[in-house]
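Below: the structure, in structure tokens.
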There are 2 protein chains.
Amino acid sequence: MTKTSDAQIVEAARQIIIGQGIDQLTQRGLAAAVGIKAPSLYKRFADQAALLRAVRGQALADLEARLRRAAGDQPPAPAALRMANAFRAYALEAPGLYRLIFDAALQDPERTLERAALAPFEAALAPLAGGGQGASSAHAMLALLHGLVRLEIDGAAPMAGPHDEAFRFAIYALLQGIARSAG
Amino acid sequence: MTKTSDAQIVEAARQIIIGQGIDQLTQRGLAAAVGIKAPSLYKRFADQAALLRAVRGQALADLEARLRRAAGDQPPAPAALRMANAFRAYALEAPGLYRLIFDAALQDPERTLERAALAPFEAALAPLAGGGQGASSAHAMLALLHGLVRLEIDGAAPMAGPHDEAFRFAIYALLQGIARSAG
DNA sequence: GTCTATACGACGATAGAC
DNA sequence: GTCTATCGTCGTATAGAC
């Protein structure tokens, strides 16, 4: 008798994290959300950490897809700007999932974050950076984006006027610096 | 009969957060560290959140002092570089405190983070940025630093080679972009 | 695979005695 | 201000019925 599926459990966990925050995700509450009891969850996932790994993996795949779609076939600078906006939009849409993606990086030996978030930026920025500095440029861009959206979702922003404007200013400034470093 | 003081409790909490991480800070463990029982803590601080606010306030004052000392009387660019290094050093020294400072910004109606971290950067960068873009430049610099050190302490870095080098590259690039934005 | 029932050891927090 | 005792919740786990 199968009352639910692994995919439904992951999706329910995702919804709880998005809607109520990761602190409100409990095994008892999650089980109730899919119509079973807490002990039954342990037949699907070894423990809560394993469940969160599954949620994080799906979230990372989603983020990567959005970044690659935003980049499209644009030239480096427009691609980077569109990716930056897509990145920020994801974080503002689902801050709980965003935090999960980045906070749990330490416990991810496969370094999924590199493939999902860093690689798309490196692909877009390499032509602009030149001189073998595509990796450094992508790291700088990801760090800037991460800092901007973390400050925003954690309530430390806007620290300097309207955030849309501060966001654009920062991205433009770094892109200019990267392009000039290549010159 | 006073077995301890508020200051001793805050200091003990600070040491636990630095040495064992904020997850290991429990009311029972903290009370034991200062030689009392857990319920007695509630005569000093309303709850754990109030205690953490006190720890955060002290950590923010410490960070601000370090940033202002690093800046000294240097010109904008050297001052910003020294502040960036001091900022990173603080985060690597006490990642638990660093996370507390930034993660709890949302619950700080006084926006202490602005005074402690943003203002020093604005003071240093205003001459470089010009055109009334000192605030935006400081916000961009703080966001970049925050992203860089968060990626580093959360284990997502080094994502692009040695981190010292990636750190310098990113800071230099943004400084160049800021200077160029000024015309 | 799911259920009921039960258990353990943490946690934050409170009531009331002294 | 400190204590003992206690509460409710949490993650986790097990046993055994169906």
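The sequence lines fix the lettering, A, B, ..., with proteins before strands; numbering per chain opens at 1.
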OP1 or OP2 of [N] under 4.0 Å from side-chain N/O of [X]:
X       : N      : result
B:Ser40 : D:dC3  : yes
A:Gln48 : D:dG11 : yes
B:Tyr42 : C:dA13 : yes

Does A:Ile153 offer a backbone N or O that forms a donor-acceptor pair with the side chain of A:Arg99 under 3.5 Å?
yes
For the pair B:Gln8 (side chain) and B:Ser5 (backbone), establish whether a donor and an acceptor sit closer than 3.5 Å, ignoring hydrogens and angles.
yes
A:His146 vs A:Phe102 aromatic rings, parallel, tilted or perpendicular, using cut-offs 30° and 60°?
parallel
Is any N or O donor-acceptor pair between the side chain of A:Arg44 and the base of C:dG1 shorter than 3.5 Å?
no
Is any N or O donor-acceptor pair between the side chain of A:Lys37 and the base of C:dT4 shorter than 3.5 Å?
no
Base, sugar-phosphate alone, or nothing: which one does [X] contact when heavy atoms must sit under 4.0 Å apart?
X       : answer
A:Leu30 : nothing
A:Ala46 : sugar-phosphate
A:Leu51 : nothing
A:Gly35 : sugar-phosphate

What's the [atom1]-[atom2] distance between [X] and [N], to the nearest Å?
X       : N      : atom1 : atom2 : value
A:Ile16 : D:dC10 : CD1   : P     : 12 Å
A:Asp47 : C:dC8  : CG    : P     : 22 Å
B:Phe45 : C:dT14 : CZ    : C1'   : 19 Å
A:Asp23 : D:dT9  : CG    : C1'   : 14 Å
B:Gln24 : C:dG9  : CD    : C1'   : 14 Å
A:Lys3  : D:dC18 : NZ    : P     : 17 Å

From the candidates D:dA13, C:dA13, D:dC3, the one with an atom nearest any side-chain atom of B:Ile36 is D:dC3
If you compare all heavy atoms of A:Leu144 against all heavy atoms of B:Ala140, which two are closest, and at what distance to 0.1 Å?
CD1-O, 3.7 Å
Taking all atoms of both residues into account, what is the closest heavy-atom pair of A:Leu125 and A:Ser137, and its distance?
CD1-O, 3.8 Å
Sorted by position of nearest nucleotide on DNA chain D, 5' first, the leading residue of B:Thr4 and B:Arg28 is B:Thr4
Both B:Lys43 and A:Thr26 contact DNA chain D. Taking the nearest nucleotide for each, which residue is further toward the 5' end?
B:Lys43
